[in-house]
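Okay, so here's the structure we're looking at.
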Amino acid sequence: MTEMIDPFGRAVTYLRVSVTDRCDFRCVYCMSENMTFLPKAEILSLEELDRVCSAFVGLGVKKLRLTGGEPLVRRNIMSLFRNLSRHLESGALSELTVTTNGSQLSKYAHELADLGVKRVNVSLDTLDPHKFAAITRWGKLERVMAGLAAAKAAGLGVKINTVALKGVNDDEFDKLIAWCGDEGFDLTFIEVMPMGDIGGEDRVDQYLPLSVLRGRLQEKWTLEEIDYNTGGPARYSRVSETGGRIGFITPLTHNFCESCNRVRLTCTGTLYMCLGQEDAADLRAPLRASDDDGALVTAIHEAITRKPRGHDFIIDRDHNRPAVSRHMSVTGG
Ligand code: SAM
Ligand code: SF4
């Protein structure tokens, strides 16, 4: 086995896989209302996804996250989790996890836990049902709440991901912190990233720098810096009043690229070496060309030699264009 080390000496140990570009929500910062989705022939089958993921595990990936689009709306997705869980059993993989909007969690939480999934990330920007409907366009808060209850009952650790949206949910952050504290959920705030055309919305209007948010939260809460690290870009603090952890993902106000350990695969088998750059490698052609993984592994190694130093997202009045044209649902958050 040859490990994947990029040109900047960073070991690639984390693979995020967007298993579908489809979703049962249309969050305003993520998708436009009328999205055109990919034809089925372009999308890797669940067996192909298993093959690519397993090749990455063979090359030193320790942590695998399935995301989307909405991963749990892909038909028969549990068979992929089931197959991948063999790498947990063998010890090759230390974590298999999922990022979801929570709409299907009441159906799948127990099965996920049985298959060795320990933690799930659930995206939730508001606790207000009307606002939730406005942000997600198609979502129902009560279903997500039922999903969260099922996750808790199944013993899954839950982290809530909240996109900070100026003038939309910035009056609710204290409530979210208190609620997560009560429920025993971790909470991570994310800055809006300039990805993909989202229709009429203006990202300058949505953008709330987390440095501002943090300052505001510190007026009410005591945030102790802690050393907790999930291998991701979030920096965590403990909220003394609730005992809960909160994290801040700040791609715009604080560049987190130096410690980047990850690459991202789309559902068509395109590998992005950086969330914020266009350069990518096609893994579908070598995958489909042969039943043997030789060409696939060579293509992966070649791609890793092109992993860039970092991204250069900026949002201001002069840069109100997507930094990359693809939507977050393509590469998965
Ligand atoms: N559907 C799942 C969900 O919502 O969790 C998984 C995919 S979603 C693309 C992953 C994460 O990306 C979510 O937490 C979502 O809020 C976040 N996201 C989507 N578009 C974003 C953007 N433009 N800027 C920042 N975060 C974004
Ligand atoms: Fe769907 Fe997740 Fe994007 Fe919302 S953020 S539209 S739930 S993929």
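Both ligands and their constituent atoms are indexed starting at 1 by order of listing. Note that this is a predicted model, so its numbers are computed, not measured.
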If you count the non-hydrogen atoms of other residues, nucleotides and ligands that lie under 6.0 Å from NZ in Lys140, is the total more than 12? no
Residue Thr100 vicinity, atoms of ligand 1 by number, heavy atom under 4.0 Å: 2 (C), 3 (C), 5 (O)
What do you reckon, is CD of Glu224 surrounded by more than 12 foreign heavy atoms closer than 6.0 Å? yes
Do Arg137 side-chain atoms and Arg26 backbone N/O form a donor-acceptor pair below 3.5 Å? yes
Show the nearest heavy-atom pair for residues Leu115 and Ser85, with the distance to one decimal. O-CB, 3.2 Å
Below the 3.5 angstrom mark, is there an N/O of Ser123, backbone or side chain, next to an N/O of ligand 1? yes
I'd like to check which ligand 1 atoms, numbered from 1 as shown, lie under 4.0 Å from a non-hydrogen atom of Cys30. 19 (C), 20 (N)
Mind checking whether Glu70 has an N or O less than 3.5 Å away from an N or O of ligand 1? yes
For ligand 1, the portion of Val163 having any non-hydrogen atom under 4.0 Å away: side chain
Are Phe248 and Tyr236 an aromatic pair by the rule of ring centers under 6.0 Å? no
With heavy atoms only and a cut-off of under 4.0 Å, state how Asp125 meets ligand 1: side chain, backbone, both or neither. neither
Do any heavy atoms of Gly69 fall under 4.0 Å from ligand 2? yes
Ionic contact status for Asp50 with Arg86, cut-off 4.0 Å: yes
Within the 4.5 Å heavy-atom criterion, are Asn101 and Asp24 side-chain neighbours or not? yes
Short N/O distance, under 3.5 Å, between Val192 and ligand 1? no
May I ask you to list the atoms of ligand 1 that are less than 4.0 angstrom from any heavy atom of Asn161? 14 (O)
Measuring from the heavy atoms of Cys27, does anything fall under 4.0 Å of ligand 1? no
Return the CD1 to CZ distance between Ile226 and Arg235, rounded to the nearest 0.5 Å. 12.5 Å
Output the list of atoms in ligand 1 that are nearer than 4.0 Å to some heavy atom of Glu191, sorted by atom number. 24 (N), 25 (C)
What atoms of ligand 1 come within less than 4.0 Å of a heavy atom belonging to Thr67? 6 (C), 7 (C)
So, for Val144 and Ser103, which heavy atoms are closest and what is the spacing to 0.1 Å? CG2-N, 4.4 Å
Numbering as shown, the atoms of ligand 2 that approach Cys27 to under 4.0 Å (heavy-atom distance): 4 (Fe), 5 (S), 6 (S), 7 (S)
Which atoms from ligand 1 have a heavy atom of Gly69 less than 4.0 Å away? 1 (N), 2 (C), 6 (C), 7 (C)
